[in-house]
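In what follows, a structure is listed as structure tokens, so that the remarks can point back to it.
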Amino acid sequence: MKKTAFARIVVLVVVAAMMVTVLAGCKAKTGTLNWGTDPTYAPFEYADANNKPTGFDVELMEAIAVKMGKTSNLTSGAFDGLLLALQGKKFDAVCAAMTITPDREKEVLFSIPYYRADMGIMYNPAKNNITKPEDLAGKTVGVQTGTTGEIDAKLIAGVKVNSYPDIQLATLDLENGKIDAVVNDYPVCTTYASAHTELKVLDTTSIGSQDLTQVYGIAMRTDDTQLKTDIDAALLKVVADGTYATLYRKYFFADPPYLPK
Amino acid sequence: MFKWSIIFENLPFLLAGAWTTLSLTVVSMIFATLAGLLVGLLNMFGGKVIGAITRVYIEVVRGTPALLLILIVYYALPRAGLNLSQFPAAAVSLAVCYAAYIAEVFRAAVESIPKGQSEAAFSLGMSRAQALRHVILPQTFRRVLPPLANEFAALIKDTSLVAFISMQDLLFNAKIIGARTYNIMSPYIGAAIIYLIMTTPVMQWSRYLEKKVE
Amino acid sequence: MAGDMMMSQGKLLAIDDLHKSFGSLEVIKGVSFDMDFKERLVLMGPSGSGKSTLVRCINWIEPPSAGRITFDGKVVEAGKSDIRRLREEIGMVFQQFNVFPHLTALQNVALGPIVVKKTARKAAETEAMELLAKVGLSHRADHKPGQMSGGEQQRVAIARALAMHPKLMLFDEPTSSIDVELIHEVLDVMVRLADEGMTMIVVTHEMGFAKEVADRVIFMDEGLVIETGSPSEVFEHPQQERTQSFLSKVHLA
């Protein structure tokens with residue numbers, strides 16, 4: 001009769017849904033270094049022509065995993081959610097060009113710094129001439145929320161800071177002339193500017209008396225001290241055998257000015 | 001500048017995201033509908049205490065942004081000892097979120113059935129459960145399909161929030177392409193077209209069903 | 001009390017000082033009467049007199065606010081299972097028909113026995129066909145209410161109530177929502193039922209039906225029984241002024 005056939009279909013559908021759900025969750029996680037990043041941040045993490053994640057951070061983590069005797073297992077997600085996912089144990093590390101700051105150190109455990117970066121101010125010389133950060137007084141800059149770029153931009157006296165949920169929207173507004181500059185990590189700015197030759201990037205190491213140089217760390221859960229020990233050791237091995245320098249040259253076209261230790 | 005080529009070159013990657021979006025939507029919708037029916041029935045007929053509890057759930061969930069609910073469910077579960085991986089966690093979160101709206105859809109449908117129908121069922125000696133099962137709920141079936149189709153369309157759009165819980169859905173994949181090619185709008189427009197392709201059949205089918213009810 | 005018990009023995013139904021209020025509005029203000037097996041009782045009165053409400057209290061579709069109902073020797077208590085069992089023995093036909101629109105006529109009639117009495121589907125459907133034949137609707141067995149006239153739907157409703165083999169049938173203005181030319185279809189069925197000995201209470205304005213079928217007529221107004229008697233007594237020699245004024249407003253068939 002119609003009714004029992006319908007009931008059977010409903011049961012089948014529910015069981016199928018549950019199976020899809022459970023199976024989707026069953027991934028072999030042993031022997032892997034599980035970490036997360038947001039692959040929209042060249043040259044640190046971005047998608048290659050086949051839309052597979054690549055970049056300095058990606059290759060560095062792959063090298064670190066090898067040194068730990070594991071394979072790298074990367075989960076991609078929005079930057080804002082990465083630390084939450086870390087604390088929710090969806091993965092064990094975050095490598096996302098994340099600057100080590102005192103505030104962040106309250107929430108997560110960082111590895112030894114693996115990269116030193118200056119801040120960059122990206123602008124269009126046809127519209128503005130910026131030789132120092134203070135030139136931005138009275139102008140509008142775009143930053144990504146939750147980044148050190150946001151914090152640093154606000155240090156400039158008389159500047160108007162627009163915070164965007166992601167940096168692409170800021171760069172879009174810069175291209176359209178709606179804002180005067182974008183403040184973001186220097187290597188990220190130069191990578192972007194290399195594809196947009198009308199833009200220039202100012203290398204900024206300080207605003208006023210505030211030193212802006214920042215270092216990146218790999219973030220882990222605060223109680224995961226064993227993992228930190230392992231990752232730090234692996235990172236040092238990656239430096240020791242020259243892999244670090246090779247990667248650095250590949251992505252930044254220069255010798256590394258700073259080696260993790 | 002909009003370029004079709006960017007969409008076509010990256011179509012596989014967009015479609016991979018679309019598959020995540022669609023499968024997540026379908027699974028969440030199934031759970032949300034069943035849970036919504038249960039919550040709706042409990043709210044209407046479960047007595048004072050259960051009725052109050054379900055009412056609180058419905059009002060709180062409906063008054064909270066979906067993103068917040070997803071984050072709460074996603075991160076609260078591990079603390080309760082239940083650590084689900086991405087897909088199950090996202091499905092549960094979305095189901096919890098949408099069950100509240102669907103409970104109200106069922107309530108409206110049940111209340112739209114004329115009182116005389118349940119009176120007739122009771123006059124034959126049926127219990128409330130029997131009346132619901134044989135007389136009332138079958139009649140709500142056709143009435144709930146159009147609003148459920150609307151919830152489906154809303155759900156599919158809310159799945160874009162799962163990027164925050166590290167899932168690669170259609171919208172996030174579009175963002176990745178945009179970041180790589182520095183052409184942000186093209187992949188987003190491609191994503192919009194694919195969203196439209198996914199929702200249109202459901203909306204058409206619901207309109208067809210609406211006509212069939214008359 | 002002993003006296004009441006003696007009065008209810010042998011009676012199918014005994015209503016004792018029934019009251020019903022909706023919020024602060026008292027609709028039934030103390031009604032008492034009783035009824036024998038096989039008796040055909042007609043309830044009449046102006047709108048708002050409480051006659052429909054009274055009938056709906058008998059099978060607890062509206063729970064009484066006060067008073068006592070005794071059915072087939074047992075006092076009705078307000079517990080859920082008692083009420084359900086009571087309703088299995090009392091059939092109701094509504095002014096709005098309330099046939100189930102998602103089911104065919106056959107399914108409508110068979111549903112009660114299948115779900116409530118746990119009758120096997122085949123047996124229930126066989127009997128349903130017999131009942132549909134009895135009300136003249138064999139040819140409509142596989143049609144849905146949406147395809148039927150009001151008169152046909154009401155006859156399905158009657159068959160549906162009969163399928164439960166009730167001891168008492170309650171008819172709440174069964175023809176008030178039917179087109180004039182189709183009313184006789186339903187009344188004919190009801191007359192035949194009465195002739196077969198079905199105990200029934202009918203709330204109606206159809207005087208012709210009352211005169212032909214009723215053993216007793218009860219006239220109600222404003223929540224109280226004003227007058228009761230045989231049809232000829234009440235229609236031709238009404239005692240109360242309110243009965244007289246009501247009858248003068250209504251055509252006598």
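Naming convention: chains lettered A, B, ... in sequence-line order (proteins, then strands); numbering from 1 in each chain.
Classification of Arg107(B) and Glu104(B) as a salt-bridged pair holds, one side-chain N sitting under 4.0 Å from a carboxylate O.
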Just do the side-chain contact (heavy atoms from CB on, under 4.5 Å) check on Leu137(B) and Leu41(B) with the steps written out, would you?
CA-CA 10 Å; Leu137(B) 286 179; Leu41(B) 289 175; 4.3 Å; yes
Please lay out, stage by stage, how Tyr115(A) and Tyr251(A) fare under the test ring-ring contact (aromatic ring centres under 6.0 Å, His included).
CA-CA 12 Å; Tyr115(A) 186 90; Tyr251(A) 285 98; over 10 Å; no
Might you work through the side-chain contact (heavy atoms from CB on, under 4.5 Å) test for Met220(A) and Asp92(A), ending with a clear yes or no?
CA-CA 6 Å; Met220(A) 290 160 267; Asp92(A) 304 315; over 6 Å; no
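Residue Tyr192(A) touches chain B through both its backbone and its side chain, counting heavy-atom pairs closer than 4.5 Å. Contacts of Ile184(B) with chain A are made by side-chain atoms alone, with heavy-atom separations under 4.5 Å and no backbone atom involved. Contacts of Leu34(B) with chain A are made by side-chain atoms alone, with heavy-atom separations under 4.5 Å and no backbone atom involved. Residue contact with chain B, scored on non-hydrogen atoms closer than 4.5 Å, involves the side chain of Thr75(A) exclusively.
Annotation for Lys200(A): atom NZ does not count as buried by contact number, only 12 or fewer foreign heavy atoms lying within 6.0 Å. In the displayed structure, Lys127(A) atom NZ is contacted under 6.0 Å by more than 12 heavy atoms of other residues, nucleotides or ligands. In Tyr195(B), the OH atom is crowded: over 12 heavy atoms of neighbouring residues, nucleotides or ligands sit closer than 6.0 Å.
Taking the salt bridge (Lys or Arg N to Asp or Glu O under 4.0 Å) definition, one finds that Arg128(B) meets it with nothing, sequence neighbours left out.
Contacts with chain B were tallied for Ala85(A), Gly88(A), Ser76(A), Pro39(A); Ser76(A) has the most, counting heavy-atom pairs under 4.5 Å. Of the listed residues Asp80(A), Leu172(A), Leu84(A), Asp38(A), the one with more heavy-atom pairs under 4.5 angstrom with chain B than any other is Leu84(A). Contact count against chain A (heavy-atom pairs under 4.5 Å) is highest for Ile176(B) among Thr181(B), Asn173(B), Ile176(B), Val26(B). When Gln168(B), Met185(B), Met167(B), Glu9(B) are compared by the number of non-hydrogen pairs under 4.5 Å with chain A, Gln168(B) comes out ahead. Most heavy-atom pairs under 4.5 Å with chain A, from the set Val162(B), Ile177(B), Ile165(B): that is Ile177(B).
No side-chain donor from either of Asp103(A) and Thr101(A) sits under 3.5 Å from a side-chain acceptor of the other. Under the 3.5 Å distance criterion, with hydrogens and angles disregarded, no donor-acceptor pair is assigned to the side chains of Gln130(B) and Arg133(B).
For Val135(B) against Gln139(B), the heavy-atom pair with the smallest separation is O-NE2, 3.0 Å. Closest non-hydrogen pair, Ala93(A) versus Leu86(A), comes out as N-CD1, 3.5 Å.
Between the CG atom in Leu145(B) and the CZ atom in Arg143(B) there is a gap of 12.0 Å [rounded to 0.5 Å].
Residue-level contacts of residues 143-152 of chain A with chain B do not occur; threshold 4.5 Å between heavy atoms. Contacts between residues 40-53 of chain A and chain B, defined by a heavy-atom separation under 4.5 Å, are made by Thr40(A), Ala42(A), Ala47(A), Asp48(A), Ala49(A), Asn51(A). Heavy-atom proximity under 4.5 angstrom to chain B picks out nothing from residues 177-188 of chain A.
By the 4.5 Å heavy-atom criterion applied to side chains, Ile113(B) and Ser118(B) are not counted as neighbours. In this structure the side chain of Val105(B) never reaches within 4.5 angstrom of the side chain of Asn150(B), judged on heavy atoms. Looking only at side-chain heavy atoms (C-beta outward), Met61(A) and Leu74(A) stay at 4.5 Å or farther from each other.
Annotation: Tyr216(A) is not in aromatic contact with Phe56(A) [ring centroid separation under 6.0 Å not met].
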